[in-house]
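The structure appears below as structure tokens.
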Amino acid sequence: MPSWGLGEDKSLREIRTVTDGLKKLYREKLLPLEKQYTFSDFHSPGLEDADFDNKPMVLLVGQYSTGKTTFIRYLLEQDFPGGRVGPEPTTDTFTAIMYGDVEGIIPGNALIVDPNKPFRKLNPFGNKFLNRFQCVQLPNQVLQSISLIDTPGILSSAKKRLSRGYDFQAVLQSFAEHVDRIILLCDANKLDVSDEFSRTIGALRGNEDKLRVVLNKADLVDTQQLLRVYGALMWSLGKVFRTPEVLRVYIGSFWSSPLRVPDYRRMFEKEEESLFKDIQDLPRNAALRKLNDLVKRARLVRAHVYIISYLKQEMPLMFGKETKKRDLIYDLPDIFARIQQRHQISPGDFPDCAKMQERLMSHDFTKFKVLKPKLMTALDDFLTTDIARLMPLLHKEEIEVASQPGVQGGVFLGPHRGPFNNGNPFVQLQENIIEGDIADWIVAKDKAKYDEIFYNLSPNDGKLNGTKVKNWMISTQLPTSVLGRIWKLSDVDRDGMLDEDEFALASYLIEVKLEGHGLPPVLPAHLVPPSKRKRKSGKDEEPELVAPVESEQPTAVDDDDDHDHNDDDDDEQ
């Protein structure tokens with residue numbers, strides 16, 4: 001690539017991935033311009049390697065009590081430190097939930113000095129924000145592919161809004177520029193577009209391609225009310241975004257409690273599948289998103305350079321500098337129009353005029369730099385030539401990642417088990433369930449009750465096929481993702497059917513879930529049916545003794561997966 005200062009063949013050999021190419025282009029073409037024309041003073045700080053190398057991030061935004069924290073728990077199928085929920089505003093921090101081999105919390109001030117984390121650019125927001133920012137690290141499979149960011153709930157009270165002590169909208173805007181997906185949650189039971197909610201959505205403008213809207217807790221209203229709420233939401237969002245395009249809104253109840261309106265199940269399943277497929281594909285589309293964001297940034301840099309150099313050119317050499325500065329700021333809309341016409345730049349590439357006027361007030365125009373054609377030529381080469389040369393490498397990476405599964409673990413594995421998967425119905429479990437030295441089987445105390453249901457379902461050769469079990473399990477009104485997890489745990493011998501012991505185990509786990517308890521990530525040894533406690537190894541049956549893992553047993557969880565929607569499955573500030 002000659003424009004990189006290297007021969008084309010040599011440059012192509014050096015650039016192994018799209019990410020490497022983007023980092024090189026940014027350092028050589030964009031960063032010098034940003035430094036020369038103080039881009040970071042008006043827009044966002046410069047990018048670092050961590051911004052290119054980090055995993056895809058999903059930002060959760062919404063008013064308080066819309067279910068943001070519960071949504072994250074639903075994705076992870078795991079509680080996380082500080083993830084408190086309730087009908088009142090509870091979450092008052094920005095929490096980045098990322099993968100870590102050991103569970104722990106990193107406070108904000110320590111987080112922004114870590115060069116391996118993409119948060120150093122948040123330092124200018126100061127201690128008031130950093131005291132409300134943390135990173136939770138968890139050894140969760142979902143987090144091996146993506147990171148999640150929980151945010152404080154949006155309020156309507158001006159007093160509470162001022163008490164934050166930092167610019168909430170500016171922080172959201174900074175996150176929105178660097179994440180891969182923004183999920184805006186709304187509560188179907190109490191839809192209210194407050195003033196701060198409108199301002200917050202305004203901070204997301206320019207990132208509509210990343211935005212997905214979720215109408216959550218939809219099973220708390222009947223069909224007629226749901227239609228009215230959906231229409232009101234679309235009308236409100238159209239007013240706030242001020243665009244003719246209709247936003248995609250996903251409807252569902254993203255928690256693990258029984259559905260109150262069973263007729264919604266089919267619709268919720270399709271909506272959930274579509275939304276989760278979008279999230280699951282984020283790692284596959286990460287390189288394309290980074291390329292798209294860098295091009296968007298380059299176009300903003302180009303417009304910014306022309307604005308700053310024009311203001312510098314118009315300043316007098318000796319007298320009347322302050323008066324001229326005020327006049328230029330006042331005439332900034334006309335200046336934008338002149339630059340657009342002179343340099344053939346799209347109006348969409350320019351920054352918000354009102355914000356630019358506000359920020360210009362605190363700058364000395366005489367210290368601005370004049371236009372340097374050499375730097376602008378390099379930027380034009382970046383936009384017209386260099387990015388095009390990366391496209392073959394991007395297509396190659398897209399082909400390579402097309403066969404990869406995307407995000408795995410948590411709820412992304414839930415529905416794809418047993419009769420809840422239409423494609424590959426009986427994927428084998430990876431965990432080894434072997435004989436344990438445990439005399440009592442906790443399921444046995446109610447086995448007579450479970451056996452009666454089992455035989456009423458007409459088993460064939462002592463087993464029930466997936467169709468019969470699925471129809472019975474759906475009658476419990478639990479979400480499909482939860483039922484899929486129960487099937488995964490209960491089909492111990494992985495044959496795609498349930499015998500009477502496995503059916504009893506499935507019935508027990510359903511009751512556990514309906515009582516508000518969490519499901520174990522893998523089946524603990526004490527729950528394995530006695531008839532299944534031996535596993536063949538080669539030609540011989542060799543029992544291996546292991547102690548049950550206490551952390552994997554079903555335990556009561558105060559606010560995760562509660563079945564009382566109105567009291568406990570709400571969300572945060």
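We're numbering straight along the sequence, starting at 1.
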field: Spacing of CG belonging to Leu111 relative to CG belonging to Asn116, to within rounding of 0.5 Å
entry: 11.0 Å
- request: Check whether any side-chain N or O of Tyr264 sits under 3.5 Å from a backbone N or O of Asp222 as a donor-acceptor pair, and report yes or no.
  value: yes
field: Any side-chain donor near an acceptor of the partner, Tyr99 and Gln141, under 3.5 Å
entry: no
- prompt: So, do Arg265 and Gln477 sit near enough that their side-chain heavy atoms are less than 4.5 Å apart?
  reply: yes
query: Between the side chains of Thr19 and Thr17, does any donor sit under 3.5 Å from an acceptor?
result: no
- prompt: Is it true that Glu511 and Lys449 make a salt bridge, defined as a side-chain N closer than 4.0 Å to a carboxylate O?
  reply: yes
- request: Could you check if a side-chain atom of Ile182 sits within less than 4.5 angstrom of a side-chain atom of Arg212, using non-hydrogen atoms only?
  value: no
query: Leu505 versus Val492: any side-chain heavy-atom pair under 4.5 Å?
result: yes
query: Quick check, are the ring centers of Phe71 and Trp255 under 6.0 angstrom apart?
result: no
query: When you check the gap from the basic side-chain N to the acidic O, do Lys55 and Asp180 get nearer than 4.0 Å?
result: no
field: Gap separating the CG atom of Leu215 from the CE atom of Met234, nearest 0.5 angstrom
entry: 10.5 Å
message: Using a strict threshold of under 4.0 Å (side-chain N to carboxylate O), is an ion pair present between Glu271 and Arg248?
response: yes
task: For the pair Glu77 and Arg485, find out whether any cationic side-chain nitrogen is under 4.0 Å from an anionic carboxylate oxygen.
output: yes
field: Closest heavy-atom pair and its distance - Ala96, Phe119
entry: CB-CZ, 3.8 Å
task: Answer yes or no: is there a side-chain heavy-atom contact under 4.5 Å between Met57 and Pro118?
output: yes
field: Test side chain to side chain contact (heavy atoms under 4.5 Å, CB included) applied to Val61 and Leu59, step by step
entry: CA-CA 6 Å; Val61 182; Leu59 179 68; 3.7 Å; yes
- prompt: Out of curiosity, Ile97 CD1 to Ile72 CD1, how far, rounded to the nearest 0.5 Å?
  reply: 3.5 Å
Worked check of side chain to side chain contact (heavy atoms under 4.5 Å, CB included) between Leu227 and Val229: CA-CA 6 Å; Leu227 289 173; Val229 169; over 6 Å; no
- request: Start with the C-alpha gap between Leu122 and Phe175, add the side-chain angles, then the distance that decides, and say whether side chain to side chain contact (heavy atoms under 4.5 Å, CB included) holds.
  value: CA-CA 9 Å; Leu122 298 173; Phe175 274 115; 3.6 Å; yes
field: Criterion side chain to side chain contact (heavy atoms under 4.5 Å, CB included) on Asp209 and Asn292, from CA distance to verdict
entry: CA-CA 11 Å; Asp209 57 319; Asn292 182 69; 3.6 Å; yes
message: Has Asp219 got a side-chain atom pairing as donor or acceptor with Val261's backbone, closer than 3.5 angstrom?
response: no
- prompt: Would you find a donor on one side and an acceptor on the other, under 3.5 Å apart, between the side chain of Glu397 and the backbone of Val18?
  reply: yes
- request: State, with a plain yes or no, whether a side-chain heavy atom of Ile146 is found less than 4.5 Å away from one of Pro283.
  value: yes
- request: Could you grab the distance from atom OG1 of Thr69 to atom CZ of Phe80, nearest 0.5 Å is fine?
  value: 5.0 Å
- request: Could you pull out the closest heavy-atom pair between Trp441 and Leu527, with the gap in Å?
  value: NE1-O, 2.9 Å
task: Kindly give the heavy-atom pair with the smallest separation between Ala218 and Ser253, and that separation in Å.
output: N-OG, 3.1 Å
Aromatic centroids of Phe133 and Phe94 separated by under 6.0 Å: no
field: Nearest heavy-atom neighbours spanning Met497 and Asp493
entry: O-OD1, 4.3 Å
field: Short side-chain to backbone donor-acceptor contact, Ser507 and Phe503, under 3.5 Å
entry: yes
task: For the residue pair Lys468 and Ser458, establish whether any side-chain heavy-atom pair is separated by less than 4.5 Å.
output: yes
- request: Search all heavy atoms of Cys186 against all heavy atoms of Val213 and return the closest pair with its distance.
  value: SG-CG1, 4.4 Å
- prompt: Sub-3.5 Å donor-acceptor pair from the side chain of Thr476 to the main-chain atoms of Met473, do we have one?
  reply: yes
message: I need the single residue from Asp491, Asp499, Asp495 that forms a salt bridge (Lys or Arg N to Asp or Glu O under 4.0 Å) with Lys463. Which is it?
response: Asp495
- prompt: When you measure from the side chain of Lys210 to the backbone N and O of Leu204, does any donor-acceptor pair fall under 3.5 Å?
  reply: no
field: Residues Thr66 and Asn216: side-chain donor-acceptor under 3.5 angstrom
entry: no
- prompt: Tell me, do Lys447 and Asp501 make a side-chain contact under 4.5 Å, heavy atoms counted?
  reply: yes
- prompt: With distance as the sole criterion, is a donor-acceptor pair present between the side chains of Thr95 and Gln134 under 3.5 Å?
  reply: yes
query: Out of curiosity, Ser147 OG to Asn54 CG, how far, rounded to the nearest 0.5 Å?
result: 7.0 Å
Salt bridge present between Lys290 and Asp53 (N-O < 4.0 angstrom): no
- prompt: Thinking salt bridges, do Arg181 and Asp281 make one under a 4.0 Å N-O criterion?
  reply: no
task: List the steps, then state whether side-chain hydrogen bond (donor to acceptor under 3.5 Å, both in side chains) holds for Tyr455 with Glu500.
output: CA-CA 8 Å; Tyr455 287 106; Glu500 66 175 57; 2.5 Å; yes
- prompt: Ignoring hydrogens and geometry, is there a side-chain-to-backbone donor-acceptor pair from Gln280 to Val407 under 3.5 Å?
  reply: yes
Verdict with supporting geometry, Glu502 and Ser490, side-chain hydrogen bond (donor to acceptor under 3.5 Å, both in side chains): CA-CA 5 Å; Glu502 292 172 324; Ser490 304; over 6 Å; no
query: Hey, what do you get for OH (Tyr450) to CD1 (Ile510), rounding to the nearest 0.5 Å?
result: 9.5 Å
task: Considering non-hydrogen atoms only, spot the tightest contact between Gly406 and Ser145 and give its length.
output: O-OG, 4.0 Å
Sidechain-backbone polar pair: Lys513 side chain, Val482 backbone, donor-acceptor under 3.5 Å: no
task: Could you tell me whether a side-chain N or O of Asp278 sits under 3.5 Å from a main-chain N or O of Ser274, the two making a donor and an acceptor?
output: no
task: Please work out which of the three classes, parallel, tilted or perpendicular, describes the rings of Phe276 and Tyr74, given edges at 30° and 60°.
output: tilted
message: Let's go through Lys117 and Asp51 carefully: what are the C-alpha distance in whole Å and the side-chain angles of both, what is the deciding distance for salt bridge (Lys or Arg N to Asp or Glu O under 4.0 Å) to 0.1 Å, and is it a yes or a no?
response: CA-CA 8 Å; Lys117 295 286 193 300; Asp51 295 302; over 6 Å; no
- prompt: Between the side chain of Glu272 and the main-chain N/O of Tyr250, is any donor-acceptor distance below 3.5 Å?
  reply: no
query: Does CD in Gln224 sit with more than 12 non-hydrogen atoms of other residues, nucleotides or ligands closer than 6.0 Å?
result: no
query: Less than 4.5 Å apart, any side-chain heavy atom of Asp263 and any of Thr223?
result: no
